[in-house]
**Student:** 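Once you've had a glance at the structure underneath, I'll fire off some questions.
In what follows, every chain begins at residue 1, and chains take the letters A, B, ... in the order their sequences are listed. The structure displayed is predicted, hence computed values, not measured ones.
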Amino acid sequence: MLTIKNLHAEVEGKQILKGINLEIGKGEMHAIMGPNGSGKSSLASVLAGRENYTVTEGEVWFNGKNLLDMSPEDRAREGVFLAFQYPVEIPGVSNLNFLKTALNEIRTYKGLPALEGREFLKLTKEKQQLVDFNANLMNRSLNEGFSGGEKKRNEIFQLAMLDPQLAILDETDSGLDIDALRIVSNGVNKLRDAEKSFVVITHYQRLLEYIVPDFVHVLYNGRIIKTGTKELALELEERGYDWLKEELHLKESV
Amino acid sequence: MMNSNEIIDDIANKEYEFGFTTDIEMDIAPPGLNEDIIRFISAKKNEPEWLLEWRLKGFAAFKKMQFPKWQHFEMPELDLQALSYYAAPRKKKQLNSLDEVDPELLATFEKLGIPLNEQKALAGVAVDAVFDSVSVATTFKGKLKEMGVIFCSFGEAVQEYPDLVRKYLGTVVPHSDNIFAALNSAVFSDGSFTYIPKGVRCPMELSTYFRINAQNTGQFERTLIVADEGSYVSYLEGCTAPMRDENQLHAAVVELVAMDHAEIKYSTVQNWYPGDKDGKGGIYNFVTKRGICKGNASKISWTQVETGSAITWKYPSVILQGDYSEGEFYSVAVVRNKQIADTGTKIHHIGKGTKSRIISKGISAGRGDNSYRGLVAVGPRADNARNFTQCDSLLIGNQCGSHTFPYIESRNKTAMIEHEATTSKIGEDQIFYLNARGIDTEKAVALIVNGYVKEVLNQLPMEFAVEAQKLLSITLEGSVG
């Protein structure tokens, strides 16, 4: 579904991604871990098409289409979803109005009729229950005055509503207490199916206790330096990243 | 892929869609400002002697005054002698019905979305259409008259209801109020007059549509609305002008009088030609608007959506004289290209228990410069007066300006005055967030702007809220992509 080949990217002239290779198949759950500043969130931003990142080398293919040629909105319409690490607030725009606009933009792109009135509300209610999202937040302005946890839960709710093929969760666990973490993870688990793939970016192994990954990748200094299964995450929790860094330097010096 | 610079370019380059001119035979007075032209206008309109005298007093006051210097923009050079002070479509005889109005004029208003044919007209809205210096048609006059509501052109009111006009004219905005009001008093040509009798709730929206067409003319109209005890009226004005390279002056005066328990809601959707992207041409919109809540528990509410004009300079104000009277001001002012707006309100709390609410939303794009200027004055008698002011600025791009000049004068210890202000930018991160949900940049900007102004647009009558929303989208979006 998603193929990343030798991806290099820079921001403000600084090289951040230095040759990422990654293959994500349908229905797979990939976790990307790594120390601060390793390029995890930059990878998410590049995939979603954030303007200030420049791809200097490499390719990204999504369902056979060149993702890097597409505008951010077209990537979203094609089925790439980024759950933001810091969801932005937009005063005066209700959550509901925003979601309806987004959903119908995507549906129109796919040649589907727009969802209006009752149909839309029905879908809203269904997804709201699925991911346990507070109905009171629906008519509030988008993320305005939401707590950190509410914002993250809103991202998962949007994920449920927009039903993408690939969901990238950028440190969705950061700033969540244990209850919120459980709710968010439950939501994600309910959305998992054979068609949908996930990339979960996280700092901590904690999240992966709830969302069990098929693959774990370690990103360091703009490159994936190790790939394993969920056991790798446990090992990282226990030993930290230093041993991996040393292993890498050893390899590079040979 | 769009970046924010392209968005801003698009916003700056969107063209004005009402810029056409109407080719019609006109009576145009020779340029020049002097007593003769004032006498000429007065005679042309067959005015009584007292009105001519009032005009001449206005002119005398005007001659002693100078242009103000306190505004937050450079005063453009105005050659008032070069303007023509009277321009009217030539008509052969007295018009008795709409059928006799020049079809060219009807077509013009139809093109502007203001059909003057009552069958085609928006249900529930009566329109007085003003073309250059004169009113060309007023719809639903008969139906309104059945309820005792007077809604007609100013000229007609002077002929038919001279006592009412004389009683209220200049009582809210005196002939010597400020230089533009004085000029207007001297040379005003037409406008609208409305009287709502005691206890009547006006059954339809009343509306004036102003169109400047002729070249090298100014438009100086007066609107006077009197709401008698316990009555209610909602009034809307709209305006457009052709694209011309020269600037044109629009110096109108609006006076509102609300008696005991009366309510006047006055809405403006202003879309005068704003000039081109280099700031060439456009209307100077220098208008004096003021209402007085004369009676107890009366209410006056101004709502304005200002998207046009090269310079918008006005402060729709309310004098809260009656006890427990209420004043409101809701404003959206948009500037882009090189447009300038210096607008806001003045609220004078005189009676006790008076309340006011000010919500101002400025949007600046391109190289536009937007200022909010507002005065809240509480007099010694205004026990327990209350004011709430919220003043927000939204910036699009980094070449625009936004300024806030609040003045608060309280001479009563029991008064409560609140002022809140925010400045925000449409952030790239907001746009990217919406992009990442499948919403393109053009729609994203519209969504953000409409969210931002919602509180004000909610104040407009339904039919016009939709129009205003569209206008804002046209004004700001541009064709992205």
**Student:** Within this structure, what is the CZ-CD1 distance for the pair B:Arg437 and A:Ile106, rounded to the nearest 0.5 Å?
**Tutor:** 8.5 Å
**Student:** Among residues 139-168 of chain A, which ones touch chain B with a heavy-atom distance under 4.5 Å?
**Tutor:** A:Leu142, A:Asn143, A:Glu155, A:Gln158, A:Leu162
**Student:** Side-chain polar contacts of residues 76-85 of chain A - donor-acceptor pairs under 3.5 angstrom, sequence neighbours left out - could you list them?
**Tutor:**
from, atom 1, to, atom 2, distance (Å)
A:Arg77, NE, B:Gly438, O, 2.9
A:Arg77, NH1, A:Asp74, OD1, 3.0
A:Arg77, NH2, A:Glu105, OE1, 3.1
A:Arg77, NH2, B:Gly438, O, 3.1
A:Glu78, OE1, A:Lys65, NZ, 3.2
A:Glu78, OE2, A:Lys65, NZ, 2.9
A:Glu78, OE2, A:Tyr109, OH, 2.7
A:Gln85, OE1, A:Ser41, OG, 3.3
A:Gln85, NE2, A:Glu171, OE1, 3.4

**Student:** Against chain B, label A:Asn104 side chain, backbone, both or neither, depending on which of its atoms sit under 4.5 Å from a heavy atom there.
**Tutor:**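 Neither; nothing under 4.5 Å.
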**Student:** Once you round to the nearest 0.5 Å, how far does CG of B:Asn435 lie from CZ of A:Arg75?
**Tutor:** 10.5 Å
**Student:** Kindly list each side-chain donor-acceptor pair under 3.5 angstrom involving residues 326-335 of chain B, sequence neighbours excluded, with atom names and distances?
**Tutor:**
from, atom 1, to, atom 2, distance (Å)
B:Glu328, OE1, B:Ser301, OG, 3.0
B:Tyr330, OH, B:Arg357, NE, 3.2
B:Ser331, OG, B:Gln304, NE2, 3.0

**Student:** If a pair satisfies side-chain hydrogen bond (donor to acceptor under 3.5 Å, both in side chains) and one of its residues is in residues 113-128 of chain A, list it, with sequence neighbours excluded.
**Tutor:**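 Sorted pair list: A:Lys100-A:Glu116.
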**Student:** Go through A:Asn97, A:Leu103, A:Thr101 and name the one with the most non-hydrogen pairs under 4.5 angstrom from chain B.
**Tutor:** A:Thr101
**Student:** Ignoring hydrogens, what is the shortest heavy-atom contact between A:Val93 and B:Ile448? Give both atom names and the distance.
**Tutor:**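 Residues A:Val93 and B:Ile448, closest heavy atoms: CG2-CA, 4.2 Å.
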**Student:** State, to 0.1 Å, how close B:Lys454 and A:Gly92 come at their nearest heavy-atom pair, and which atoms those are.
**Tutor:**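 Here B:Lys454 and A:Gly92 meet closest at NZ-O, 2.9 Å.
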**Student:** Counting only heavy atoms not in A:Arg192 (residues, nucleotides, ligands), do more than 12 fall under 6.0 Å from its CZ?
**Tutor:**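 Enclosed: over 12 neighbouring heavy atoms sit under 6.0 Å from CZ of A:Arg192.
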**Student:** Under 4.5 Å heavy-atom distance to chain B, tell me which part of A:Tyr86 shows up: side chain, backbone, both or neither.
**Tutor:**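 For A:Tyr86, there is no contact with chain B at all, as no heavy atom is under 4.5 Å.
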**Student:** Within a 6.0 Å radius of atom NZ on A:Lys26, are there more than 12 heavy atoms belonging to other residues, nucleotides or ligands?
**Tutor:** no
**Student:** Please find the pair of heavy atoms, one from A:Glu73 and one from B:Thr441, that lie closest to each other, and give the distance.
**Tutor:** OE2-N, 4.3 Å
**Student:** Of all heavy-atom pairs between B:Phe432 and A:Pro72, which one has the smallest distance, and what is that distance?
**Tutor:** CE1-CB, 4.1 Å
**Student:** Please assess B:Leu434 against A:Ile90 for the test side chain to side chain contact (heavy atoms under 4.5 Å, CB included), listing each intermediate value before the final yes or no.
**Tutor:** CA-CA 10 Å; B:Leu434 297 175; A:Ile90 303 186; 3.8 Å; yes
**Student:** Counting heavy atoms not belonging to B:Lys355, are there more than 12 under 6.0 Å from its NZ?
**Tutor:** no
**Student:** At a 4.5 Å cut-off on heavy atoms, which part of B:Tyr433 comes close to chain A: side chain, backbone, both, or neither?
**Tutor:** both
